[in-house]
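First the structure, in the form of structure tokens, and then the observations on it.
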Protein chains: 2
Amino acid sequence: MSKVRESIARAALMYDGHFSVDELVQTLHERGVQDAHLATVYRALPLMVEAGLIQPALVSKHDGQRYEASFERDHHDHLVCTSCGRVVEYKSEALEALQREIARRYDYELDDHVHELRGRCKSCRNRAH
Amino acid sequence: MSKVRESIARAALMYDGHFSVDELVQTLHERGVQDAHLATVYRALPLMVEAGLIQPALVSKHDGQRYEASFERDHHDHLVCTSCGRVVEYKSEALEALQREIARRYDYELDDHVHELRGRCKSCRNRAH
DNA sequence: ATCGATGCAAAGGGTTTGCAAGGTT
DNA sequence: AACCTTGCAAACCCTTTGCATCGAT
């Protein structure tokens with residue numbers, strides 16, 4: 001692994017959440033370590049995905065692909081309040097079992113999922129009425 | 001509403017699942033009804049979303065934004081092949097019941113959800129090995 | 001006559017690629 | 001020397017926009 005790629009990898013794994021390609025380049029520049037060219041980053045990222053270091057982030061976003069460190073993607077899902085943004089993380093074995101069953105039905109070998117429930121939490125409902 | 005937009009709307013609502021902008025234009029051309037220009041379609045779609053006719057499909061897009069009729073929403077979720085992009089739409093009452101139960105547990109009033117399973121379909125697995 | 005809708009072409013923004021130069025073994 | 005990596009610029013794809021024209025009120 002070259003030095004440039006090592007810098008890219010180090011920076012990528014440092015993010016708490018997900019990051020865009022531009023943000024990554026920005027970070028590298030600020031850090032002054034390397035002047036990784038945009039094209040180089042674009043070429044490095046798929047390799048890092050291949051190597052299992054990072055993954056495309058499963059956010060329904062519009063601006064461009066985002067990535068996140070592989071270890072970020074632990075098995076929890078989100079229950080998001082559409083009013084106040086509060087997020088509850090939950091985990092349901094029954095749900096995961098069900099997902100596996102659905103994948104089996106269509107003969108897909110599952111390796112990931114996004115599950116996000118959206119609604120309004122109790123306090124927001126009370127506040128509204 | 002102009003005739004062109006009416007044709008666009010009619011075609012959009014005719015799809016069983018979701019569609020891309022190109023597919024929509026293609027359909028319109030094949031139907032020969034109108035030669036709706038790409039730019040016109042791009043301008044019409046946000047209006048139709050605004051009007052509640054269609055919605056952006058909650059698929060982590062590969063190639064470009066996809067849309068689906070509003071009434072399609074909440075009726076199915078997606079199983080996406082990470083290799084070839086093939087999308088299977090499925091619906092599971094058990095799954096929805098489970099979601100409702102989770103929401104109830106945390107006292108959220110559910111009004112939407114994203115559920116996307118990601119994996120590799122049979123033919124892609126075969127091709128690789 | 002006015003005002004929105006359309007076609008066209010050109011511009012934008014994100015991503016990919018061809019190629020020559022630079023590194024590494 | 002052979003091979004991989006990088007920078008750069010140009011190409012690409014999807015989407016948006018400026019502008020003149022068309023259409024309906």
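Each chain gets a letter, A, B and so on, in the order the sequences are listed, and its residues count up from 1. The figures that follow rest on heavy atoms only: side chains count, while hydrogens, waters and symmetry mates do not.
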Let me know the distance between [atom1] of [X] and [atom2] of [N], rounded to the nearest Å.
{"X": "B:His37", "N": "C:dA10", "atom1": "NE2", "atom2": "C1'", "answer": "12 Å"}
{"X": "B:Glu6", "N": "D:dA24", "atom1": "CD", "atom2": "C1'", "answer": "15 Å"}
{"X": "A:Leu45", "N": "C:dT17", "atom1": "CG", "atom2": "C1'", "answer": "16 Å"}
{"X": "A:Glu23", "N": "C:dG13", "atom1": "CD", "atom2": "P", "answer": "17 Å"}

Minimum heavy-atom separation for [X] and [Y], please, with both atom names.
{"X": "A:Ser92", "Y": "B:Ile102", "result": "CB-CD1, 4.1 Å"}
{"X": "B:Leu28", "Y": "B:Ala36", "result": "CD1-CB, 3.8 Å"}
{"X": "B:Ala94", "Y": "A:Leu98", "result": "C-CD2, 3.7 Å"}

Checklist entry - Among all residues two or more places apart in sequence or in another chain, which pass the salt bridge (charged side-chain N to carboxylate O under 4.0 Å, His left out) test with B:Arg104? => result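 For B:Arg104, no residue satisfies salt bridge (charged side-chain N to carboxylate O under 4.0 Å, His left out) once neighbours in sequence are set aside.
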
Next on the checklist: Looking at C:dT6, I'd like to know if its phosphate oxygens (OP1 or OP2) sit under 4.0 Å from a side-chain N or O belonging to B:Ser2.
Outcome noted: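 It does, given that an N or O in the side chain of B:Ser2 lies less than 4.0 Å from OP1 or OP2 of C:dT6.
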
Item to check | Residue pairs involving residues 15-24 of chain A (criterion salt bridge (Lys or Arg N to Asp or Glu O under 4.0 Å); sequence neighbours excluded) | outcome: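 Of all non-adjacent pairs touching residues 15-24 of chain A, those that pass salt bridge (Lys or Arg N to Asp or Glu O under 4.0 Å) are A:Glu23-A:Arg66.
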
Can you check whether [X] reaches [Y] side chain to side chain, under 4.5 Å on heavy atoms?
{"X": "B:Met14", "Y": "B:Arg31", "result": "yes"}
{"X": "A:Leu24", "Y": "A:Tyr15", "result": "yes"}
{"X": "A:Lys122", "Y": "B:Glu109", "result": "no"}

Checklist entry - Along nucleotides 13-22 of chain D, 5' to 3', which nucleotides get a B, which get an S, and which get a -, given that the test is a protein heavy-atom distance under 4.0 Å? => result -SBBBB----

Item to check | Counterpart residues, ring-ring contact (aromatic ring centres under 6.0 Å, His included), relative to B:His78 (two or more places apart) | outcome: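 B:His78 satisfies ring-ring contact (aromatic ring centres under 6.0 Å, His included) with B:His18, B:His76 once adjacent residues are dropped.
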
List every contact pair, protein side and nucleotides 22-25 of chain C side both N or O, where the distance is under 3.5 Å.
none

Next on the checklist: If the helix axis at each end comes from five base pairs, how far does the helix from C:dA1-D:dT25 to C:dT25-D:dA1 deviate from straight, to 10°?
Outcome noted: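 Taking the rotation axis at each end, their angle is 10°.
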
Next on the checklist: Is a donor from one side chain sitting under 3.5 angstrom from an acceptor on the other, for A:Tyr67 and A:Ser20?
Outcome noted: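 The criterion, which ignores hydrogens and geometry beyond distance, is not satisfied for A:Ser20 and A:Tyr67.
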
Checklist entry - Between B:Arg125 (side chain) and B:Arg120 (backbone), is there a donor-acceptor pair under 3.5 Å? => result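 Between the backbone of B:Arg120 and the side chain of B:Arg125 there is a qualifying donor-acceptor contact (under 3.5 Å).
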
